[in-house]
Protein chains: 2
Amino acid sequence: MAKPPLSIPDSELDVLKVLWDRGQATVREVLETLKEAGHVGNKEGKPWSYATVATLLDRLETKKVVVSDRADQAFTYRPVVSVGDIQQRRVESLVDKLYQGEPGLLVLHLLKSHPIDPGQALEVRALLEEMSAESADKSRKSSTHPKPGHSA
Amino acid sequence: MAKPPLSIPDSELDVLKVLWDRGQATVREVLETLKEAGHVGNKEGKPWSYATVATLLDRLETKKVVVSDRADQAFTYRPVVSVGDIQQRRVESLVDKLYQGEPGLLVLHLLKSHPIDPGQALEVRALLEEMSAESADKSRKSSTHPKPGHSA
DNA sequence: ACGATCGGACGACACTTGTCTTAGGATACG
DNA sequence: CGTATCCTAAGACAAGTGTCGTCCGATCGT
C-alpha cells in the first residue's frame with residue numbers, strides 16, 4: 001500500500017512552522033503568532049481569520065502531521081513530523097522531478113546560481129573533505145568528529 | 001507589475017519535460033513519448049489520454065511557458081522557458097520556505113542526507129575553491145588541496 | 001464521394017488549496 | 001441568570017490541478 005505522504009501545501013506549512021517554533025499551540029496562539037509575525041521567515045500582515053487557522057490545523061491533523069491534545073479548554077496542537085521530515089520530502093521531490101534524481105546536480109546548481117554564506121561554504125568544504133577522505137581512503141582511520149551543525 | 005510566475009504543476013511539468021527533451025513536439029508526439037517512456041526520470045505506464053496531454057499543453061500555453069506553431073496540419077509546441085528557469089523558481093521557493101532563504105543550508109542538508117556522486121563532489125569542491133579564491137582572492141592557482149583549518 | 005482517422009476546441013468533474021461565515025456548545029462575569 | 005466570550009464543528013466557495021469525453025471540421029485512403 002505504501003501510502004505516499006500527503007502533500008503539505010504552503011498555507012499549512014505556515015501554521016506548521018509556528019508549531020515547530022513553539023513546540024505546540026492552540027488555534028488562537030497560532031493566529032496571534034502569525035499576525036504579530038515575530039518568527040522566522042514569515043510574511044507580516046497575514047489577515048488570516050481564526051477559522052482559517054483552525055481549518056489548516058484541522059487538515060494537518062487529518063494528514064497526520066500534527067496531533068491535537070485536549071488541554072485546558074482549548075485544543076492544543078503539536079507537530080509529529082519534524083521540519084527535517086518535510087525538508088526531506090520536498091527536496092527529494094525536487095531532485096526527482098528536476099534533477100534526474102541526482103542531488104549532486106542540485107548542489108551544483110545552488111552553488112552556481114545563488115550566493116552562499118562564506119561560513120557555510122567553509123562548512124561545506126569541510127564536509128566534502130571528510131566525505132571524500134572517507135570514500136577514497138576507506139582503509140583510513142575513521143575519525144568521526146562531531147560537527148557543530150546546530151545553529152543557535 | 002512584476003507578475004509572479006505562475007506555478008507549473010507536476011503534470012504539466014511532465015509534458016514540459018518532453019518538450020525540453022525533443023525541442024518541440026505535437027500533442028501526439030508528447031503522448032507517445034510519455035507512453036513509451038523512453039526518457040529521463042519518467043514513470044512508465046502513464047495511462048494518459050490524448051485529451052489530457054492536449055489540456056496540459058494548452059494550460060502551459062496560457063501560462064506562457066510554451067508557444068504553439070502551426071506546422072504541417074497539427075500544432076507543434078515548443079518551450080519558451082528553460083529547465084533552468086523552472087529549476088530556479090522551484091529552488092528559490094524551496095529555499096525561501098524551508099531554509100530561511102539561505103541556499104547554503106539546503107546545500108548542507110543535501111550533502112548530509114543524500115549520497116552524492118563522487119564526480120560531482122569533485123566538481124563541487126572545485127567550484128568552491130574557485131569561489132573562495134575569487135572572494136578572498138589569493139592570486140594563486142595551485143590546486144594543493146588547501147586544508148581548511150576549522151578555527152573561525 | 002464516403003467512411004475512417006486525426007487533430008483541436010469545449011466543457012465536465014472530482015479533488016485540493018486558500019479563506020471564510022455561521023450555528024451551537026461551554027465558560028466566565030457582573 | 002443573562003450576556004459577552006471563546007471554542008469547535010460544519011459548510012461554503014472560488015481557484016487551481018488532474019484526467020477525461022465528445023462533437024466537429026479537416027484529411028486520407030480506396
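Convention: sequence-line order gives letters A, B, ...; per-chain numbering from 1.
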B:S93: which of B:R89, B:R90, B:K97 passes side-chain hydrogen bond (donor to acceptor under 3.5 Å, both in side chains):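 Single side-chain hydrogen bond (donor to acceptor under 3.5 Å, both in side chains) partner of B:S93 among B:R89, B:R90, B:K97: B:K97.
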Audit row: A:Y77, A:V65, side-chain contact (heavy atoms from CB on, under 4.5 Å) steps and yes/no: CA-CA 10 Å; A:Y77 294 82; A:V65 173; over 6 Å; no
Segment of DNA chain C, first to last nucleotide, that comes within the 4.0 Å heavy-atom reach of chain A: C:dT17 to C:dT21
Do [X] and [Y] touch side chain to side chain, with heavy atoms closer than 4.5 Å?
| X | Y | result |
| --- | --- | --- |
| B:L6 | B:T62 | no |
| A:S11 | A:K46 | no |
| A:V91 | B:Y99 | yes |
| B:K35 | B:W48 | no |
| B:Q120 | A:L105 | yes |

Partners meeting side chain to side chain contact (heavy atoms under 4.5 Å, CB included) with A:E92 (sequence neighbours left out):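 Partners of A:E92 by the side chain to side chain contact (heavy atoms under 4.5 Å, CB included) criterion, ordered by chain and then number, come out as A:Q88, A:D96, B:H114.
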Reading 5' to 3' through nucleotides 10-30 of chain D, protein heavy-atom contacts under 4.0 Å coded B for base, S for sugar-phosphate only, - for none: -B-----SBBBB---------
Sugar-phosphate only, base, or nothing, as touched by A:Y50 at under 4.0 Å among non-hydrogen atoms: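 The answer is base, as A:Y50 lies within the cut-off (heavy atoms under 4.0 Å) of a base atom.
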